[in-house]
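Just so it is clear, the model here is predicted, and its values are computed rather than measured. Residue numbers begin at 1 in each chain, while the letters A, B, ... track the order of the sequences.
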There are 2 protein chains.
Amino acid sequence: MSFESREVHLVERPTGLPTPDHFSIVEREVGDPNSGEVVVKNRFMSVDPAMRPRLSNGQQPVGEVMSGGALGIVVESRNSEFKEGDTVLNGMGFREYFTSDGRGLTPLDPKGFPETLYMHVLGTTGFTAWGGMLIVGELKEGENVFVSTAAGAVGLVAAQIAKIKNCYVIGSTSTEEKCKWLRDTLGLDVAINYNEGVLRKNLKAAAPNGIDVYFDNVGGSHLDAALPRMNVLGRIPICGMISAYNNFGAISEGVTTLSNMIYQRVTMRGFVVYDFEDKREQFLDDMRGWLSTGAMKYEETIFDGIESAADALIGLFTGANIGKMLVKLD
Amino acid sequence: MSFESREVHLVERPTGLPTPDHFSIVEREVGDPNSGEVVVKNRFMSVDPAMRPRLSNGQQPVGEVMSGGALGIVVESRNSEFKEGDTVLNGMGFREYFTSDGRGLTPLDPKGFPETLYMHVLGTTGFTAWGGMLIVGELKEGENVFVSTAAGAVGLVAAQIAKIKNCYVIGSTSTEEKCKWLRDTLGLDVAINYNEGVLRKNLKAAAPNGIDVYFDNVGGSHLDAALPRMNVLGRIPICGMISAYNNFGAISEGVTTLSNMIYQRVTMRGFVVYDFEDKREQFLDDMRGWLSTGAMKYEETIFDGIESAADALIGLFTGANIGKMLVKLD
């Protein structure tokens, strides 16, 4: 038996916002597994802002499948460690089927939670936000917190962790609809639509007691607006700089207010999720607890079919998602 | 007995580089001390880049004496804690004589070192560099280090501490003459004249093994050039941002390369010297040792007379000094 699979390839490196023309869908036949191998059918593909810099910096090869996280099911197995029907997390990216010798496949025991949650709140984006707020950001009870792109997959977790810690929380997002969701569903104290008015002024008005922790997913004008509001010994975990991702190799938005770091003795620190790997169980315990009590809410934006993958990726930069962006296959 | 004293007042807040017209010299008579008071005659006044932001941010009042560090001698005393001839460090700024009740006067025991060294290598600028490199920068033996304005009072100490720790050290400065001094006298591995060529390219060529610690006195284009060169887990102590000081309240040079902090997990931290106050004795022990063995060299640029104080301050921003800028009074 063999499988008709489709894959999304990068065909040209974008210099600005990617367009569908930068990608192509390639058909491929995936044959029976050899001894020791399995065939996996992906059910969901993860779509993440961090995929964007790889398109320009060379980490994503041209003419190959877009790499990324996915959740699939084993449909044929000649490997004793996997049986048909097993759900596996994998990093095989934008493709429907693939063959694997089992390396890089992580069997998923969802422990009663929906499986896709392991692609966000119980997976990389949740772990990123948890480590960024609690370890890098050293968040304390009752502090003043600002989270940029707070309706995104990482931001919504960061913002809710701060609410769980009884902080005053300001979030920014791209539409009035998402502002309402941040206030009404997540319980944020203030939601700022960064496409309306002057962010710097709106943030100043929203932060009468300054900012102790700014969880930065954006950089550029967001960071420029946040720095003058930082309190003494404030922390800025730098999770992402989505404002720069479509300017790779060119001039990105300049940050002009860094001198505020000096007298306020602000610490700004870049981090990546694997810095926290030794604390994964602690993260999972926290997050399962918060999900069980309803203290942690989430949202998924699901595009249908592999042919929508490029649009889903582009949509991350045009504000198309609330919560985790996923592509559902089949 | 009374003393004819002259003081430098701020008469107008500069918006860019200050000019002599922003200051005036005011004559004043300082009378005999009352009971419990002393009269101090300043011998040297400290001229520091950090004075510049205070001219614009309101910390330095208009129509009053320019505040700052100084070294003086007690010329009349009616305070039992001080006797005539005592040398005292003080924060009374740009003036020749003043009356004091003794608060804010620190008697100086130079322990065999020239007294003016307590205004720089054994004082605030040395302590700033020591804390910035060893505490904030967590400098380790043999690392790769970049120090901006390495021929300035703070920079020369930071750069030499790195050499003492067997680091590879790159320094930037504003003239070929100062480059030569950095290489030949301080023993830096590379000196870059930031007024020649493209700093970003020159720094890239100078740092084949990247940068572990960037000691930043400048911000702006210096920081922009350093960020892409930072190694994994690199540290950037932010001591000053002299490039921004003459742009206060306006747009300063934007920093566009901050996203390099993410994957390299760089930490950038602002600091001020009083963060280290509990370690002052440790600093003095280190520095006296280094001075005694000749491992730590220094330079002073001395302007003569209170009428030169404004020029000395302006000169800090036009590259007029090697080492510590001082004004000698009489």
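Within residues 124-135 of chain A, no residue has any heavy atom less than 4.5 Å from a heavy atom of chain B. Taking non-hydrogen atoms and a 4.5 Å limit, the residue list of residues 206-231 of chain B in contact with chain A, ordered by number, reads L223(B).
Of the inter-residue distances, the one linking I236(A) atom CD1 with R269(B) atom CZ reads 12.5 Å to the nearest 0.5 angstrom. Here the straight-line distance linking atom CG of D275(B) with atom CZ of R265(A) works out to 4.0 Å at 0.5 Å rounding. With rounding to the nearest 0.5 angstrom, the OG atom of S243(B) is 9.5 Å from the CG atom of L258(A).
R280(A) is linked by a salt bridge (Lys or Arg N to Asp or Glu O under 4.0 Å) to E277(A), counting only residues two or more places apart in sequence or in another chain. Here A205(A) pairs with nothing under the side chain to side chain contact (heavy atoms under 4.5 Å, CB included) rule; sequence neighbours left out.
Side chains of M268(A) and M261(B) form a contact here, defined as non-hydrogen atoms less than 4.5 Å apart.
Using a 4.5 Å cut-off between heavy atoms, V272(B) contacts chain A through both its backbone and its side chain.
K140(B) NZ: more than 12 foreign heavy atoms inside a 6.0 Å radius. Residue-environment remark: CZ (R54(A)) exceeds the threshold of 12 foreign heavy atoms within 6.0 Å. Residue R200(B) places its CZ atom among 12 or fewer non-hydrogen atoms of other residues, nucleotides or ligands, all under 6.0 Å distant.
Nearest approach of F271(B) to I262(A), heavy atoms of both residues: O-CG2, 3.6 Å.
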